[in-house]
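We're numbering straight along the sequence, starting at 1. In this text the structure is predicted, and so the values were computed from the model without any measurement. Numbering of ligands and ligand atoms starts at 1, following listing order.
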Amino acid sequence: MTTTRTAVVTGAARGIGAGVAKRLAEDGFAVAVIDLDEAACKPVVEQIEAAGGKALAVGLDVSDEQAVQAGVARIAEGLGAPAVLVNNAGVIRDNLLFKMSAADWDTVMAVHLRGSFLMTRAVQGYMTEAGWGRIVNLSSTSALGNRGQANYAAAKAGIQGFTKTLALELGRFGVTANAIAPGFIETEMTAETARRIGMDFEDFKRAAASQIPVARTGKPEDIAHAVSFFAGEGAGFVSGQVLYVAGGPKA
Ligand code: NAD
């Protein structure tokens with residue numbers, strides 16, 4: 001009997017998370033599609049099922065401790081013990097520092113940092129018990145500093161320290177942890193930035209592409225490909241790394 005491993009992807013109703021969920025399903029994982037609104041996860045689940053895969057829609061807020069515990073238990077019961085976790089859920093609350101509210105600081109920290117912590121803590125027991133696990137956390141090129149994103153840059157740099165610590169603590173149990181730091185990816189998040197600065201999205205993408213060595217902006221599939229590598233059987237000796245997927249070098 002072949003057993004299907006279960007992958008959990010947060011923020012997977014759209015954008016990068018949806019791309020990752022579909023790719024991991026193609027790779028043979030049963031996929032838990034987590035997002036705030038369960039109904040919004042359904043189209044991704046239906047696409048996975050239509051392609052012959054197995055998936056489950058789970059509505060929860062990753063920053064809610066009880067909801068995370070209950071959601072992960074439901075996934076383990078309904079799909080199988082989580083073997084892969086992709087901490088992808090994210091929000092932006094951009095503003096220059098002097099205009100940034102404490103609420104906007106807290107929201108960004110809650111989703112990216114507290115959310116990744118709670119999700120990882122909830123799934124790690126299944127992974128260590130199985131002696132196999134893959135954790136992939138979404139950082140960003142903004143971790144290197146980005147004007148108007150003091151909250152987001154701090155959270156995404158924090159994700160890198162979190163990832164390296166997971167690699168140190170969980171390695172002996174066959175669990176790897178790596179971070180992917182995307183550059184400009186075409187999603188609702190970058191469309192929102194364009195709206196905020198009053199720019200047409202196509203013009204915004206063109207301007208971004210002119211600064212990118214491969215001369216184009218990224219797509220969710222570009223990130224999904226990197227996640228697929230880290231989640232794979234063969235990547236067991238790669239841990240604690242930060243991979244910039246940005247169409248060119250970043251330091
Ligand atoms: P997106 O806004 O299109 O999707 C994010 C998803 O996360 C949404 O479906 C949203 O509902 C969900 N989400 C938000 N808060 C949540 C919560 N508390 N609990 C559960 N789900 C929640 O964004 P995206 O561009 O697909 O970004 C995905 C990840 O990649 C984020 O972590 C983002 O910071 C990171 N990232 C994106 C880019 C980019 O250019 N788009 C670049 C670097 C990093």
(message) So that I can tick it off, tell me whether E188 and R14 are bridged by a salt bridge, with the cut-off set at under 4.0 angstrom between side-chain N and carboxylate O.
(response)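 Judged by the 4.0 Å cut-off on N to carboxylate O distance, R14 and E188 do not form a salt bridge.
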(message) Can you tell me how far apart CG (N178) and CD1 (I135) are? Round to the nearest 0.5 Å.
(response)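 Here the rounded value is 9.5 Å.
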Output side-chain donor-acceptor pairs under 3.5 Å for residues 231-240, partner residues at least two apart or in another chain, one line each.
unit_1, atom_1, unit_2, atom_2, d
E233, OE1, R5, NH1, 2.8
E233, OE2, W132, NE1, 3.4
S239, OG, A177, N, 3.1

(request) Please list, chain by chain and in numerical order, all residues satisfying ring-ring contact (aromatic ring centres under 6.0 Å, His included) with F204, sequence neighbours excluded. (result)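 Counting only residues at least two positions away or on another chain, F204 forms a ring-ring contact (aromatic ring centres under 6.0 Å, His included) with F184.
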(request) Write down, by chain and number, every protein residue that brings a non-hydrogen atom to less than 4.0 Å from an atom of ligand 1. (result)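 Contacts of ligand 1 under 4.0 Å: G11, R14, G15, I16, D35, L36, L60, D61, V62, N88, A89, G90, V91, V111, H112, L138, S139, S140, Y152, K156, P182, G183, F184, I185, T187, E188, M189, T190.
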(message) Side-chain heavy atoms under 4.5 Å apart, restricted to Ile/Leu/Val/Met/Phe/Trp/Tyr: what other residues fall into the cluster of L113, or is it alone?
(response) M100, W105, M109, I159
(message) The test is salt bridge (charged side-chain N to carboxylate O under 4.0 Å, His left out); show your working for D106 and R93 and say whether it passes.
(response) CA-CA 10 Å; D106 291 344; R93 292 289 184 276; over 6 Å; no
